[in-house]
Protein chains: 2
Amino acid sequence: MVRLKDVAHLAGYDISTVSKVLQGGNIRVSAEARERITKAATELGYRPNLMARGLRTRKTGAIVLGLPRLDHPMYPTITAGAESAASELGIVLFVYKFPEDGAAEALINLVLQGRADGIILAAEMANGGFHELAKQSDVPVVSLNRSDDQVAPSVVLDDEAGFAAQANYLADLGHRDIAFVGANEESRSNRFCEQAFLRTLAQRGISLGNDHVLRAEFDGADVEDVVGIILGLNPIPTAVAAASLAMAIRLTRKFESKGVRVPSQISVIGYHDAAQSEWVSPSITTVSMPSYQQGQLAVRRLVELMQGGDVQLGETVCSPGEIVIRESCRSLD
Amino acid sequence: MVRLKDVAHLAGYDISTVSKVLQGGNIRVSAEARERITKAATELGYRPNLMARGLRTRKTGAIVLGLPRLDHPMYPTITAGAESAASELGIVLFVYKFPEDGAAEALINLVLQGRADGIILAAEMANGGFHELAKQSDVPVVSLNRSDDQVAPSVVLDDEAGFAAQANYLADLGHRDIAFVGANEESRSNRFCEQAFLRTLAQRGISLGNDHVLRAEFDGADVEDVVGIILGLNPIPTAVAAASLAMAIRLTRKFESKGVRVPSQISVIGYHDAAQSEWVSPSITTVSMPSYQQGQLAVRRLVELMQGGDVQLGETVCSPGEIVIRESCRSLD
DNA sequence: ATGAAAGCGCTAACAT
DNA sequence: ATGTTAGCGCTTTCAT
């Protein structure tokens with residue numbers, strides 16, 4: 001291991017001078033010193049020992065993106081965005097799959113023990129009073145898609161605009177008789193999706209009966225029941241809007257396997273986008289939400305929070321989503 | 001922040017005694033000391049400063065799983081397995097999405113700078129001479145699915161057995177006229193899959209013409225061409241084996257959209273398993289490979305490597321895969 | 001412009 | 001069984 005001392009020795013300067021130079025700030029050093037020191041450092045392949053530095057500065061230069069699992073379709077995109085913002089800022093982003101039990105403790109320990117400087121939490125944390133713990137320990141946290149209370153800064157998707165876009169798209173295609181399949185799961189999205197969707201349709205003069213507003217698992221595990229209900233409506237709706245991509249895919253498959261063709265007999269639109277939209281035929285028309293941007297914003301917000309003193313609670317809202325037109329919706333005109 | 005000193009003060013012992021007790025080893029302390037110290041520690045909510053500890057011990061207690069992206073279908077499972085093994089061993093696992101440029105440097109720096117003790121590399125690293133760098137810097141590395149050379153310990157899936165199982169399953173169902181779609185990508189799997197598949201069929205007295213052995217992108221982006229070729233064969237094969245799950249799903253969809261029913265007219269089998277197998281109809285029969293176990297083994301191997309002196313190169317082979325029977329294959333009998 | 005020196009919190013060898 | 005002590009490598013204040 002190459003130490004500051006070794007570089008200092010080779011360059012012929014004191015260790016403290018070397019330290020200053022290698023931090024790259026605007027300190028006053030002679031050009032010669034600067035040159036000889038950087039040369040010596042690269043020559044020796046010097047790499048600062050982050051544990052020693054951190055012990056002094058109480059900073060790690062790392063942040064953690066905490067996830068409950070990795071198999072949610074949006075996590076890769078969020079992570080990629082977060083990673084890009086982090087590396088732009090010269091900090092390291094680690095993804096940490098936190099355990100089911102003791103998640104709050106485990107996550108917060110990461111910061112309290114000096115493994116990271118802050119946390120981006122990409123999940124509702126059901127139990128454990130995470131945010132109280134974080135506040136109490138003064139651990140910087142940015143939440144994703146959380147807005148029910150004012151406990152922490154949060155970066156949220158504009159789901160209101162997203163579901164409005166979904167509704168408008170179907171209305172634009174001439175659909176009037178529409179079913180909506182929301183997610184069972186208790187989440188932020190959830191509270192808005194139904195409302196925003198229905199309100200937007202209402203503005204277009206379209207009202208949905210209660211029997212046209214349904215619920216299913218986020219991953220579409222129980223779409224069979226929903227399809228049964230929809231096909232039992234009289235008349236059968238001309239379009240179905242789903243609150244996830246998985247639902248849309250599985251609804252489409254279920255319709256087709258029951259002999260109901262998509263989109264000729266019924267149109268299906270999803271919410272969120274991923275590669276799987278293209279894996280199926282018909283490929284799935286859906287609302288693409290800016291998850292990449294969400295990851296970026298979360299990192300930037302966290303870094304501000306870590307630096308600046310004034311902790312601003314409340315939401316940062318991402319750009320609106322966009323309809324990605326594929327094959328699963330048809331125009332009625 | 002609560003320091004060792006604070007605990008020592010409250011408990012009425014010396015800092016070094018506290019240190020020994022809190023490390024939990026078999027050191028000789030009076031029962032009273034042990035009790036009073038642990039009590040004081042919990043009372044104060046003491047958490048060891050890992051940077052200070054690491055500075056002394058030159059260990060971080062963390063390892064990194066390095067991935068090029070997160071959207072590969074097997075990564076969540078591998079990660080979950082790795083996580084379980086890591087937490088069993090009391091170490092922290094971070095997932096690190098390394099940058100495209102300078103990946104080798106970035107990964108190795110993580111260890112050299114004291115952010116982690118070792119690396120599990122879940123990718124071929126095309127450029128950058130990663131393994132030379134790692135060896136030269138004495139950074140512990142375990143590779144996943146790498147076996148072409150003897151540069152580092154590796155944990156590999158038993159793809160030979162996996163593709164043999166795939167072949168045997170189709171043969172068991174009575175298929176004789178079979179097409180095989182391998183992956184374009186240059187990977188370990190690739191070198192074995194075709195061979196193992198064909199050899200197994202040969203053992204069953206089935207030989208495939210060259211025109212029955214095809215290639216496509218791993219993610220199935222170009223299955224359309226492949227479907228065209230397969231449907232141009234005379235006679236059309238009764239079954240198609242694919243070297244990935246995405247290929248199998250997209251082949252199935254493409255067949256169906258061309259009016260060729262799966263499995264009644266043609267059977268399709270995939271390789272690897274994930275939730276998406278169930279998203280489509282017919283659901284996909286496939287070979288489930290033990291990715292979870294692979295993650296576990298990789299962590300254990302890495303920890304051995306970090307502890308034990310004798311670095312054993314070469315492969316650790318996972319359990320054979322298992323056929324998951326769903327709807328996309330039918331028996332010919 | 002450069003150097004001297006203190007100390008971050010911890011561990012471990014050694015002394016008692 | 002418990003305490004003393006010397007650092008790990010770095011940053012930073014203060015002196016020169």
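A note on names: the letters A, B, ... follow the listed sequences, proteins ahead of strands, and every chain is numbered from 1. This is a predicted model, so every value here is computed, not measured.
A straight line from CG of B:Leu112 to P of D:dC10 spans 12 Å, rounded to a whole angstrom. Protein atom CE of A:Met51 is 11 Å distant from nucleotide atom C1' of D:dC8, rounded to whole Å. Taking atom CG of residue A:Leu4 and atom C1' of nucleotide C:dG3, one finds them 14 Å apart after rounding to whole Å. For the pair B:Lys59 NZ and D:dG9 P, the interatomic distance rounds to 14 Å; values are reported in whole Å. Across the protein-nucleic acid pair, B:Lys20 atom NZ and C:dA13 atom P stand 11 Å apart, rounded to whole Å. Atom CD of B:Glu32 is separated from atom C1' of D:dA1 by 12 Å (rounded to the nearest Å). The distance between atom CD of B:Gln113 and atom P of D:dC10, rounded to the nearest whole Å, is 11 Å. Distance A:Arg28 CZ to C:dT2 P: 11 Å, rounded to the nearest Å.
One finds the OG atom of B:Ser319 at 7.5 Å from the CG atom of B:Leu297 (value rounded to the nearest 0.5 Å). Atom OG1 of A:Thr77 is separated from atom CZ of B:Arg69 by 12.0 Å, given to the nearest 0.5 angstrom. Interatomic distance, B:Leu4 CG to B:Ile37 CD1, rounded to the nearest 0.5 Å: 9.0 Å.
The residues A:Lys39 and A:Glu43 are annotated as salt-bridged, a charged nitrogen and a carboxylate oxygen being separated by less than 4.0 angstrom. Note on B:Arg36 versus B:Glu32: salt bridge recorded, some NZ/NE/NH1/NH2 to OD/OE distance being below 4.0 Å.
For B:Thr316 and B:Arg301, the side-chain atoms include at least one donor-acceptor pair closer than 3.5 Å. Under 3.5 Å, the side chains of A:Asn145 and A:Gln294 contain a donor-acceptor pair of N or O atoms.
Distances were taken from every side-chain heavy atom of B:Arg56 (C-beta onward) to each of C:dA12, D:dT2, D:dT13; the shortest belongs to C:dA12. Of the candidate nucleotides D:dT4, C:dC10, D:dC10, D:dT4 has the atom lying nearest to any side-chain atom of B:Asp14.
At the phosphate of C:dG9, neither OP1 nor OP2 sits under 4.0 Å from any side-chain N or O atom of B:Arg53. Under 4.0 angstrom from either OP1 or OP2 of D:dG9 there lies at least one side-chain N or O belonging to B:Arg58. OP1 or OP2 of D:dC10 has not a single side-chain nitrogen or oxygen of A:Ser19 nearer than 4.0 Å. The side chain of B:Gln23 contributes an N or O atom lying less than 4.0 Å from OP1 or OP2 of C:dA12.
B:Met1 comes within contact range of the sugar-phosphate backbone alone, with a heavy-atom separation under 4.0 Å but no base atom that close. B:Arg3 comes within contact range of the sugar-phosphate backbone alone, with a heavy-atom separation under 4.0 Å but no base atom that close.
Between A:Pro48 and B:Tyr13, the residue whose closest nucleotide on DNA chain D is further toward the 5' end is B:Tyr13. When each of A:Ile15 and A:Ile27 is assigned the nucleotide of DNA chain C with its nearest heavy atom, A:Ile27 is the one assigned upstream, toward the 5' end. Nearer to the 5' terminus of DNA chain D, by closest-nucleotide assignment, is the contact made by B:Leu55 (compared with the other of A:Ser16 and B:Leu55).
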Check residues 86-105 of chain A and write down every donor-acceptor pair under 3.5 Å in which the side-chain atom is one partner and the other belongs to a residue at least two apart or another chain.
{"residue": "A:Ser87", "atom": "OG", "partner": "A:Glu83", "partner atom": "O", "Å": "3.3"}
{"residue": "A:Ser87", "atom": "OG", "partner": "A:Ser84", "partner atom": "O", "Å": "3.3"}
{"residue": "A:Glu105", "atom": "OE2", "partner": "B:Arg47", "partner atom": "NH2", "Å": "3.0"}

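B:Thr57 contributes no side-chain N or O that forms a donor-acceptor pair with the base of C:dT11 under 3.5 Å.
For the helix from C:dA1-D:dT16 to C:dT16-D:dA1, the end axes, each set by the C1' atoms of five terminal pairs, are bent relative to each other by 40° (nearest 10°).
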